[in-house]
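Working notes, beginning with the structure itself.
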Amino acid sequence: MLQVPFIRENKADVIARLAKRNIDAATLIEQVIALDEKRRRVQAQLDTVLAESNTLSKAIGGLFKSGQVEEANALKAKTTTLKEQSKTLGEALHEAGEDLKDLLYQIPNVPHALVPNGTTEADNEELFKAGEIPKLHEGALPHWELAKKYDIIDFELGNKIAGAGFPVYKGKGARLQRALIAYFLDTNTAAGYTEYQLPHLVNEASGIGTGQLPDKEGQMYHVTEDNLYLIPTAEVPGTNIFRDVILNESELPVGITGYTPCFRREAGSYGAHVRGLNRLHQFDKVEIIRVEHPSTSYAALDAMVNHVKSILEALKLPYRILRLCAGDTSFASALTYDFEIFSTAQDRWLEVSSISNFETFQANRLKLRFKNADGKNELAHTLNGSALALPRILAGILENYQTEDGIDIPEVLREYTGFNKIG
RNA sequence: GGAGAAAUGGCAGAGUGGUCGAAUGCGGCAGUCUUGAAAACUGUUGAGGGUCACACCUCCGGGGGUUCGAAUCCCUCUUUCUCCGCCA
C-alpha cells in the first residue's frame, strides 16, 4: 500500500510511474487525495467537538464534587448536542477512512526506474545467461515421461487422492525432493539467513499484510469454517512475523529462510506448458526473506540475485535472469528479477525463482518500522525470493541430467540423496 | 470438547467511574562521576492523527453499548492461562 503523504507530494510522478503498468491511475489518485483531505477535515471537526466535550465533562465533575448540582445539570444539558455531533462526525471519519483504505488497496506499487516498459512476459528484459545447455541423447524424454519410466512421481495417484496438480513423489523421487530442500536450506543458512518453520495456514490479517488480500483471494485456498488461508508461499507467514513490529535500526538487516509447501488455487490452463511439474496446486519451495533499511534494500536485492545464481551454478543448470517488465511485475513489487532454467527436453525456459523488492509497500500494510537515527519511526523495506522452488528444478534436473541409462544426480546433491543415479 | 480465570506501555505490574496516556520496578537512551567500565546519582523514554511549530484529538486485546465522563460497568468476539477429557 502506498503512503498517502507520498502520493500527495508526488502526484504526477506516481501517476506517470503507474502508467508503466498500463493503468490509468489519475482518477484513483485524485480520489485518494480528495478523500484524504476530507478525512483530515472531518478529523479536525471531530477533535474540536471532543475537546469541547472533554472540557465540559471535567467542569461537570468539578461541580458535582463541590456540590453544585444545579450548575452541573445545566452543563449536562449542553453536552447532548455535542454528543450527537461527535457521533455523526465519528461515523463520517470512519467511513472516510474505510473508503480511503479501499482505494489504496486497489493501487499497485510504483515500479522502480529500472523496470522496463511492457505488458507481457515477452517484454521482460534478459540480463544474464549462463551455463551450458546439454546435448541430450536421441529419444530424450520430458520429465513427466521420465517420472513414469523410473517410477518416481505418480501424477495419477495424486489425481485419485486429491486432484490434478497434487503429485505424489515416491522412492528416489521423494528422496530427491527432500535432498533439494535440505540443500537449499543449508545453502541459505550458510549465507546468513536464519531458518524458520512457519505455519502453513494464515489468518486474514496476514493475507492483507503481504498483499494477497483483499481482491486476490481467488488464488488462495480458503478454509471458510475457520477463516484461514493455505499459504501460496512462505512469504506470507514469513513476512508477517514483522507485522506491527518496530525494530531498532541496529537489528537491521534481518534475513530469514524457510521451507514450506505452497498452495495455489489458480486454475491453470491445459496443455503441454502445464504438464507434469510445470504448474501445480501444491508444490514445495524454500524462500528467503529480508527486512532492510531503505538505503540498503537494492544492494540486498542484488545480493539475493547473486545468491540464487550461485545455487543454480552449483547445480549446473543453464539459467538466465530476467528483469520483469512493468506489466509482468506483481502487484506489490517495485522491481522483480526472475530466474529461469532451460529445460532441454521441453526446449523451453522454466521459472524457478522470483526475487522482489517491495520497498515500503508491504511494510506500510504491515506497520513494519524501525527507529531511525533521528529516533523517528520509519517504514522498513521488505524483500523476498525463492531459493528455490522445487518442482521445476526437479524437472530441470530430470531432463538435463538424463542419459540413456538413467538420471545422474548433480554432484552437490549426492551427499543429501545418498545415491548418484536414478534408474 | 467441559469448567473457571485473565488480557494495561519493551518486560513485570498497580490502577474497579472523574485532573489517568496511566503509579512503581526492570530494561533502553542521555548526562554526572571514572583513565575506561561497573556501581551510584540525575534526567529522559509508547503509538497514531493534527499543526510551520504549539494547541488539540485518539488508543489500556478487537468491536459495540451505558454515562456529562470508562482502563475501570454491560454485551460480544478473539486470544492466553489453570483444571478435566481426548489425542500425534
Side-chain angles (χ1 to χ4, degrees), chain A residues 1-9 32-104 197 199-209 213-214 222-229 237 240-252 254 261 291 360 363-380:
Chain A
M1 182 160 74
L2 297 176
Q3 298 166 82
V4 177
F6 176 79
I7 293 176
R8 207 164 52 204
E9 284 155 31
V32 166
I33 291 172
L35 252 178
D36 179 55
E37 269 165 21
K38 183 186 170 193
R39 200 206 89 238
R40 278 148 61 209
R41 201 170 53 239
V42 173
Q43 171 97 62
Q45 288 171 352
L46 177 63
D47 285 359
T48 310
V49 171
L50 289 174
E52 217 173 310
S53 166
N54 287 343
T55 312
L56 277 177
S57 290
K58 275 177 193 164
I60 291 168
L63 289 172
F64 271 126
K65 259 189 188 153
S66 57
Q68 296 166 273
V69 178
E70 246 172 71
E71 289 87 337
N73 284 330
L75 283 187
K76 262 168 110 169
K78 273 188 164 178
T79 60
T80 320
T81 333
L82 292 175
K83 259 186 119 175
E84 279 163 14
Q85 285 178 338
S86 73
K87 191 168 182 194
T88 315
L89 288 168
E91 278 163 9
L93 181 66
H94 180 76
E95 198 186 328
E98 290 296 306
D99 290 350
L100 184 58
K101 213 161 62 176
D102 286 347
L103 288 180
L104 289 171
Q197 281 201 26
H200 300 168
L201 280 82
V202 293
N203 58 27
E204 203 171 353
S206 291
I208 291 170
L213 296 174
H222 186 195
V223 183
T224 52
E225 193 162 5
D226 298 295
N227 199 24
L228 294 170
Y229 294 85
N240 273 282
I241 291 171
F242 303 99
R243 176 151 47 83
D244 293 317
V245 167
I246 301 175
L247 296 162
N248 289 321
E249 195 167 8
S250 60
E251 293 176 86
L252 295 173
V254 178
V291 180
T360 59
N364 191 31
R365 287 195 179 191
L366 294 162
K367 297 203 191 71
L368 162 54
R369 293 158 293 175
F370 67 96
K371 213 165 262 305
N372 67 21
D374 300 329
K376 294 258 167 59
N377 293 330
E378 184 179 339
L379 292 175

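Order of the sequence lines sets the chain letters (A, B, ...), proteins ahead of strands, with each chain counted from 1. Remember, it's a predicted structure, so these values are computed and weren't measured experimentally.
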At what distance, to the nearest 0.5 angstrom, does CG of D36(A) lie from CZ of R41(A)? 10.5 Å
The reported gap from NZ in K58(A) to CG in L75(A) (rounded to nearest 0.5 angstrom) is 14.5 Å
Could you give the CD-to-C1' distance, from E91(A) to G64(B), as a whole number of Å? 12 Å
All N/O pairs under 3.5 Å across the protein-nucleotides 69-73 of chain B interface:
| residue | atom | partner | partner atom | Å |
| --- | --- | --- | --- | --- |
| G69(B) | O4' | S57(A) | OG | 3.2 |

Whole-Å distance between A55(B) P and N54(A) CG? 15 Å
Which of G48(B), C68(B), U58(B) is nearest the side chain of R369(A)? It is G48(B)
Which is true for N248(A) with a 4.0 Å heavy-atom rule: it touches a base, it touches only sugar-phosphate, or it touches nothing? nothing
With a 3.5 Å distance limit and no angle check, can you tell me whether R365(A) reaches the backbone of I208(A) through a side-chain donor-acceptor pair? yes
How many Å lie between CG on L368(A) and P on A47(B), as a whole number? 15 Å
Please check the phosphate of G50(B) (OP1 and OP2 only) for any side-chain N or O of R41(A) closer than 4.0 Å. no
Identify the nucleotide, in any strand shown, that forms a Watson-Crick or G-U wobble pair with U51(B), with both distances under 3.5 Å; if there is none, say none. none
Which residue is it: N203(A), V223(A), L213(A)? I am looking for the one with a side chain to side chain contact (heavy atoms under 4.5 Å, CB included) to Y229(A). L213(A)
Sequence neighbours excluded - salt bridge (charged side-chain N to carboxylate O under 4.0 Å, His left out) pairs with any residue from residues 92-102 of chain A: E98(A)-K101(A)
Closest to side chain of I246(A), choosing from A47(B), G50(B), C68(B): A47(B)
Base, sugar-phosphate, or nothing: which does K371(A) touch, judged by heavy atoms less than 4.0 Å apart? sugar-phosphate
Less than 4.5 Å apart, any side-chain heavy atom of L104(A) and any of I7(A)? yes
For N364(A) and L2(A), what are the C-alpha separation, side-chain angles and deciding distance, and is it a side chain to side chain contact (heavy atoms under 4.5 Å, CB included)? CA-CA 7 Å; N364(A) 191 31; L2(A) 297 176; 5.8 Å; no
Partner nucleotide of C60(B) by Watson-Crick or wobble geometry (both distances under 3.5 Å): none
Considering every strand shown, what is the Watson-Crick or G-U wobble mate of U16(B) when both distances are under 3.5 Å? none
In the strands shown, is G10(B) matched to any nucleotide by a Watson-Crick or G-U wobble pair with both distances under 3.5 Å, and which? C26(B)
In this structure, how many angstroms lie between the C1' atom of C57(B) and the CD atom of Q85(A), rounded? 16 Å
Rounded to the nearest angstrom, tell me the gap between atom CZ in F370(A) and atom C1' in G10(B). 19 Å
Between V291(A) and L368(A), is the side chain to side chain contact (heavy atoms under 4.5 Å, CB included) condition met? List the steps. CA-CA 9 Å; V291(A) 180; L368(A) 162 54; 3.8 Å; yes
Rounded to the Å, how far apart are R8(A) CZ and G49(B) P? 10 Å
Starting from P on U58(B), measure out to CD on Q43(A) and report it in whole angstrom. 10 Å
What is the base-pairing partner of U67(B), counting Watson-Crick and G-U wobble geometry with both distances under 3.5 Å? none
Any side-chain heavy-atom pair from T360(A) and F6(A) closer than 4.5 angstrom? no
Short side-chain to backbone donor-acceptor contact, N377(A) and R369(A), under 3.5 Å: no
Using Watson-Crick or G-U wobble geometry with both distances below 3.5 Å, tell me the partner of G1(B), or none. C84(B)
What residues from residues 45-52 of chain A pass a heavy-atom cutoff of under 4.0 Å to RNA chain B? D47(A), L50(A), A51(A)
Sorted by position of nearest nucleotide on RNA chain B, 5' first, the leading residue of L56(A) and N377(A) is N377(A)
Side-chain N,O (N203(A)) to OP1/OP2 (U78(B)) below 4.0 Å: no
d(CG, D244(A); P, U78(B)) in whole Å: 20 Å
